Amino acid sequence: MNIQHHFSLKNYNTFGIEAFAQAFTAVTSVNELKEVLENQKDIFVLGGGSNMLLTQDIHKLVVHVALKGIEIVAENEDFVWAKANAGENWHEFVLWCIEHNFGGLENLSLIPGNVGTTPIQNIGAYGKEIKDSLFSCEAIAIETLENRTFSNEECHFGYRESIFKNDLKNQYIITSVIFKLTKHNHVLNTSYGAIDAELAKMNITDPTIKDVSDAVIAIRSSKLPNPKELGNSGSFFKNPIIAKEQYEKAIVHFPDMPHYKVSETEVKVPAGWLIEQAGFKGKRFGHAGIHKNQALVLVNYGNATGQEILEVSQNIQKTIFEQFGIAIEAEVNII
Ligand code: EPU
């Protein structure tokens with residue numbers, strides 16, 4: 001086990017924040033991971049670093065899960081069960097699925113991060129969430145080192161939610177995920193407005209899964225900053241879910257407010273719209289700012305500290321609450 005001390009995490013978080021781990025190790029096998037856990041339970045687990053804001057140094061052993069490998073574990077005439085280890089890059093895995101003509105994940109192209117962290121927040125985009133294709137995931141209990149397989153139902157998925165963020169927070173490390181994917185008769189979901197428009201622009205009337213993936217890549221590239229060029233963590237906030245009555249009161253004052261029905265009693269309002277209306281889109285505060293093409297994304301112009309970005313996010317939350325009476329919650333983990 002190779003442990004490094006006072007290790008910079010700048011290249012290990014997509015916000016590109018300079019913060020230090022007291023100690024750092026990368027594990028490339030389940031056995032190595034168990035060896036680490038036998039010696040130390042009070043650890044900080046790091047996947048792709050794409051959904052966190054480091055506001056301080058980490059005074060713990062940071063364990064970077066770098067388990068690699070993709071394999072087909074079962075198949076029948078119609079479906080394939082593909083397993084990816086936790087340290088695989090998510091987008092590379094999606095591209096592997098598309099190359100093999102395995103359908104289900106194409107709408108989730110180009111999402112930053114690693115496979116092992118995707119179930120934790122049930123990543124989603126353009127009308128699909130990981131829960132729609134996830135068959136199961138394997139994890140190790142930090143306390144007992146036991147392996148446990150979680151079925152889709154046992155993950156208790158919700159909008160950017162799972163059991164791993166709630167009841168079982170910090171108790172398991174996900175080591176691999178199995179997806180159930182289609183081999184033919186792919187069920188395409190292009191209903192999300194922007195995808196249909198992008199396909200039309202590409203002159204495609206009978207899209208393949210590759211076409212849908214290409215359309216999503218084009219949309220994301222035009223709206224969302226590439227973390228390699230401009231540090232960011234995707235959507236910083238969740239879209240708030242509010243009571244229907246509250247929405248009905250709000251539209252009297254803000255008739256253009258978009259909304260999506262969640263249930264008979266609740267609607268979801270796009271936080272990006274609220275932030276743009278409040279005048280934050282494209283604004284810069286020191287080294288931190290709000291992206292010019294998507295107000296949900298906070299960016300690091302190079303030398304921002306986590307604290308600076310946190311302050312911008314708190315300023316946005318406060319203003320939105322004052323103007324709209326709506327509380328918006330961070331989607332990223334604030335460390
Ligand atoms: N909007 C604005 N201004 C903005 C951004 C959005 O007015 O600056 C409005 C749009 O006009 C539209 C609505 O908000 O009416 C929704 O916008 P968009 O389709 O861009 O999606 P979003 O709700 O802002 C969510 C996800 C994204 C995902 C997209 C596409 C959350 C928190 N975010 O954003 O996920 O890519 O939908 O499906 O649910 C992520 O989680 O990191 C992420 C990027």
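For clarity, every value in this text was computed on a predicted model and none was experimentally measured. All heavy atoms count here, side chains included; hydrogens, waters and symmetry mates do not.
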Would Lys318 and Glu322 pass as an ion pair if we require N to O under 4.0 Å? yes
Counting N and O atoms only, with roles assigned by atom type, does the side chain of [X] sit under 3.5 Å from a partner on the main chain of [Y], one being a donor and the other an acceptor?
| X | Y | answer |
| --- | --- | --- |
| Glu38 | Leu145 | no |
| Thr305 | Glu308 | yes |
| His64 | Gly47 | yes |
| Asn13 | Met52 | no |
| Glu266 | Ser263 | no |

Donor on one side chain, acceptor on other, [X] and [Y], under 3.5 Å:
| X | Y | value |
| --- | --- | --- |
| Asp196 | Thr190 | yes |
| His186 | Asn101 | yes |
| Thr117 | Gln121 | no |
| Asn166 | Glu161 | yes |
| His287 | Asn300 | no |

Is it the case that more than 12 heavy atoms not belonging to Lys41 sit under 6.0 Å from its NZ atom? yes
Step through the shown structure and confirm whether more than 12 heavy atoms of other residues, nucleotides or ligands are within 6.0 Å of NZ on Lys244. no
Tell me, with the steps shown, if Gln323 and Thr319 meet side-chain hydrogen bond (donor to acceptor under 3.5 Å, both in side chains). CA-CA 6 Å; Gln323 293 193 4; Thr319 310; over 6 Å; no
